[in-house]
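We count residues from 1, following the sequence as given.
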Amino acid sequence: QVQLVESGGGLVQPGGSLRLSCAASGINFSIYAMGWSRQAPGKQRELVAGIDSGGNANYADSVKGRFSISRDNAKNTVYLQMNSLKPEDTAVYYCSAAFGTMRNGPRYWGQGTQVTVSS
């Protein structure tokens with residue numbers, strides 16, 4: 001079966017950094033666009049970063065310049081490096097996979113990992 005398993009979340013102080021990982025199985029990872037979305041309580045889910053099969057990345061304005069998405073096709077893993085974290089980054093972060101392009105919408109989702117930015 002298809003599985004996307006996130007890890008790396010936790011509690012961090014404002015200004016700190018975290019790296020999230022998402023290990024994929026059950027898909028031909030290299031042909032999928034991968035993304036990271038987040039959802040805070042009472043808010044809509046927001047796509048914060050995406051990367052296509054060619055390694056082209058895009059970011060939401062809210063995280064641009066602070067977050068970096070990357071992928072390692074040999075490991076079937078996508079990463080989200082989060083720097084200069086702010087309290088408003090607090091959310092459950094979800095890994096997702098889309099066929100071809102994320103413009104078509106994700107087909108698969110991970111279970112999420114909690115990121116809390118607080119002093």
Rounded at 0.5 Å granularity, tell me how far [atom1] in [X] sits from [atom2] in [Y].
X	Y	atom1	atom2	value
Met102	Ile51	CE	CD1	8.5 Å
Asn76	Ser25	CG	OG	8.0 Å
Ile69	Asn56	CD1	CG	11.5 Å

- Item | Arg71 to Tyr79, cation-pi by 6.0 Å centre distance and 45° axis angle | no
Looking only at non-hydrogen atoms, find the nearest pair between [X] and [Y] and report the distance.
X	Y	answer
Leu4	Cys22	CB-SG, 3.9 Å
Gln114	Ala91	NE2-O, 3.5 Å
Ala98	Gly105	CB-O, 3.5 Å
Glu46	Ser62	OE2-OG, 3.0 Å
Tyr94	Gly110	CD2-O, 3.6 Å
Thr77	Ser21	CG2-CB, 4.3 Å

ILVMFWY cluster, [X] and [Y] together (side-chain gap under 4.5 Å):
X	Y	value
Val48	Leu85	yes
Val78	Ile27	yes
Tyr59	Met82	yes
Val2	Met34	yes
Tyr108	Ile31	yes

- Message: side chain to side chain donor-acceptor pair (under 3.5 Å), that's the test. Do Gln111 and Glu6 meet it? Break it down for me.
- Response: CA-CA 7 Å; Gln111 82 289 348; Glu6 301 98 331; 3.2 Å; yes
- Query: Got a salt bridge between Lys86 and Asp89, using NZ or NE/NH1/NH2 to carboxylate O under 4.0 Å?
  - Reply: no
- Message: With side-chain contact (heavy atoms from CB on, under 4.5 Å) as the criterion, how do Leu47 and Arg38 come out once you've worked through the C-alpha distance, each side chain's angles and the decisive distance to 0.1 Å?
- Response: CA-CA 6 Å; Leu47 178 68; Arg38 67 187 182 188; over 6 Å; no
- Audit row: Ser7, Thr113, side-chain contact (heavy atoms from CB on, under 4.5 Å) steps and yes/no: CA-CA 6 Å; Ser7 61; Thr113 186; 5.9 Å; no
- Evaluate the ring planes of Tyr32 and Phe99, with Trp represented by its six-membered ring, and classify them as parallel (under 30°), tilted (30 to 60°) or perpendicular (over 60°). perpendicular
- Indicate the ring-plane relationship of Phe67 and Tyr93, choosing parallel, tilted or perpendicular according to the 30° and 60° boundaries. tilted
- Message: Is there a side-chain contact (heavy atoms from CB on, under 4.5 Å) between Cys95 and Trp36? Walk through the geometry before answering.
- Response: CA-CA 5 Å; Cys95 176; Trp36 288 96; 4.1 Å; yes
- When you look at NZ of Lys64, are more than 12 heavy atoms from neighbouring residues, nucleotides or ligands closer to it than 6.0 Å? yes
- Message: If you count every heavy atom of other residues, nucleotides or ligands that lies below 6.0 Å from Arg45 atom CZ, does the total exceed 12?
- Response: yes
- Query: Is any side-chain heavy atom of Ser30 less than 4.5 Å from a side-chain heavy atom of Asn28?
  - Reply: yes
Which pairs would a plain distance check flag for residues 13-20, meaning a side-chain donor or acceptor within less than 3.5 Å of a matching protein atom at least two apart in sequence or in another chain?
unit_1: Ser17; atom_1: OG; unit_2: Asn83; atom_2: OD1; d: 2.9

